[in-house]
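Hydrogens, waters and symmetry mates are skipped; everything else that's a heavy atom, side chains included, is used. These numbers come from a predicted model, not from an experiment.
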Amino acid sequence: MIDLHTHSAASDGTDPPEAIPRLAAEAGLSAVALTDHDTLAGIPEATRAAAAVGVELVPGVELSVRHGEAKLHLLVYFLEPDDGPLQRRLAELRAGRSERNVEILRRLAALGYPLELDEVLAQAKGDAVGRPHIADALVARGWFPDRSAAFAALLRDGGPAYVERRRLEAVEAIELAAASGAVAAVAHPSTISANRAGYADLFRSLAEVGLVGIEVDHPEHDP
């Protein structure tokens, strides 16, 4: 049994990277992929921990991309934290996150929820800082009971404090992954904004440029 989609505190997860292999071993897994958003910062620690507990660690990352009008996430596997085409683009994406965070804070202040950037950074354990950490800062202020409530009220897609993020084109992301020795799969397809015909076109066109899989088993998916 394996798990090919996990996050650590290096992005929006709750456990440090080195805990992911241990938790995988305790769950009886033989392999686990660490796929934090836009960052590979947790891979070295997770790799060392995986070797210690006898679990295979698949290094990876999760990307927010677009294909035509559709927004989707890609899981990229076997991407090492070395220099490479996609690795360099990840640094640019994290810079875009920083710009987006500042604009979200500006909107929150206008809505009556003034937060300092330092409050948000204090909630993050890694370099991929985003909406979940802003939500956690809102919770820490006592404005919301939990992260989900902050998202529902302010930070959800299309919400009053939402700011569109910089996204790679899906085809470019798949090609960058291949050029970096990695492969890409579509994450949680139930969240893609497309109809039946749109799904068919998306999967067909992305398969033609190297898409290798589609995530099926996910908490947001019913049978």
Side-chain angles (χ1 to χ4, degrees), residues 5-20 22-23 34-46 49 59-66 71-76 79 81 83 86-169 173 187-188 191 193 219-220:
H5 188 172
T6 71
H7 295 179
S8 78
S11 64
D12 60 344
T14 57
D15 296 295
E18 62 270 22
I20 301 302
R22 174 179 56 79
L23 293 170
L34 179 56
T35 52
D36 281 314
H37 288 281
D38 297 341
T39 183
L40 299 166
I43 298 299
E45 292 179 4
V61 70
E62 184 170 0
L63 303 173
S64 297
V65 301
R66 67 170 62 251
K71 299 176 183 177
L72 62 148
H73 287 191
L74 290 178
L75 295 163
V76 178
L79 186 69
D83 183 54
L86 182 53
Q87 291 90 331
R88 289 191 289 272
R89 288 304 296 273
L90 291 179
E92 297 174 10
L93 293 173
R94 290 193 295 274
R97 273 178 174 266
S98 297
E99 296 166 5
R100 181 199 197 199
N101 293 339
V102 170
E103 177 59 20
I104 291 175
L105 293 184
R106 188 191 68 76
R107 295 190 184 191
L108 285 173
L111 292 165
Y113 299 92
L115 282 176
E116 297 295 328
L117 182 59
D118 285 347
E119 294 178 78
V120 177
L121 297 177
Q123 299 296 326
K125 304 296 192 297
D127 57 359
V129 182
R131 283 185 296 167
H133 307 109
I134 295 174
D136 291 343
L138 290 167
V139 172
R141 280 288 197 107
W143 287 322
F144 295 94
D146 53 41
R147 180 186 283 185
S148 295
F151 263 84
L154 298 169
L155 299 171
R156 70 185 187 280
D157 287 13
Y162 178 74
V163 176
E164 182 63 48
R165 66 175 302 178
R166 183 187 305 172
R167 292 173 182 260
L168 287 172
E169 292 295 327
H188 39 70
T191 63
S193 52
E220 296 178 6

Original post:
Do Leu63 and Leu86 come within less than 4.5 Å of each other through their side chains, counting heavy atoms only?
Top reply: yes
task = Step by step, work out the side chain to side chain contact (heavy atoms under 4.5 Å, CB included) result for Val129 and Leu121.
result = CA-CA 7 Å; Val129 182; Leu121 297 177; 4.0 Å; yes
Applying side chain to side chain contact (heavy atoms under 4.5 Å, CB included) to Thr191 and His73, what does each step give before you reach the verdict? CA-CA 9 Å; Thr191 63; His73 287 191; 5.9 Å; no
Distance col, row Leu138:CG vs Asp146:CG, nearest 0.5 angstrom, shows 11.5 Å
Separation between CG (Leu34) and NE2 (His5), nearest 0.5 Å, reads 10.0 Å
Note: Arg131 and Asp157 closest approach over all heavy atoms is NH1-OD1, 3.0 Å
Between Arg141 (side chain) and Pro114 (backbone), is there a donor-acceptor pair under 3.5 Å?
-> yes
Q | Ion pair Glu164/Lys71, N-O distance below 4.0 Å | A | yes
Rounded to the nearest 0.5 Å, the OG atom of Ser11 sits from the CZ atom of Arg97 at a distance of 7.0 Å
* Asked: Are side-chain heavy atoms of Val65 and Glu169 found at a separation under 4.5 Å?
  -> no
Looking only at heavy atoms, the pair that brings Asn101 and Gly130 closest together is OD1-CA, 3.7 Å
Tightest non-hydrogen contact, residues Arg167 and Leu72, listed as NH1-O, 3.7 Å
message = salt bridge (Lys or Arg N to Asp or Glu O under 4.0 Å) for Arg100 and Glu103? Distances and angles first, verdict last.
response = CA-CA 5 Å; Arg100 181 199 197 199; Glu103 177 59 20; over 6 Å; no
Between Val139 and Pro145 the two heavy atoms that sit nearest each other are CG1-O, 4.0 Å
In this structure, CG of Asp36 is separated from CD1 of Ile43 (nearest 0.5 Å) by 7.0 Å
CG of Leu90 to NE2 of His37, rounded to nearest 0.5 Å, is 12.5 Å
Minimum side-chain heavy-atom gap Leu108-Ile134 below 4.5 Å: yes
Between the OG1 atom in Thr35 and the CG atom in Leu74, the distance rounded to the nearest 0.5 Å is 11.5 Å
Heavy-atom nearest pair, Pro17 first then Ala46, reads O-CB, 3.6 Å
So, Arg89 and Glu92, do they make that salt bridge, N to O below 4.0 Å?
yes
#### Entry: Ring-ring centroid check Phe151 Tyr162, cutoff 6.0 Å
no
Minimal heavy-atom distance between Arg156 and Ala153, with the atoms involved, is NH1-O, 3.6 Å
Margin query: With a 4.0 Å cut-off on N to O distance, would you call Asp12 and Arg147 a salt bridge?
Written below: no
* To do: Determine whether the side chains of Ser8 and Asp15 contain a donor N or O and an acceptor N or O closer than 3.5 Å.
  => no
**Request:** Decide whether His188 and Glu62 meet the rule of one side-chain donor and one side-chain acceptor closer than 3.5 Å.
**Result:** yes
**Prompt:** Do the side chain of Glu119 and the main chain of Glu116 share a donor and acceptor less than 3.5 angstrom apart?
**Reply:** yes
With sequence neighbours left out, the residues meeting salt bridge (Lys or Arg N to Asp or Glu O under 4.0 Å) with Glu99 are Arg166
Is any side-chain N of the basic residue among Arg22 and Glu18 closer than 4.0 Å to the acidic one's carboxylate O? no
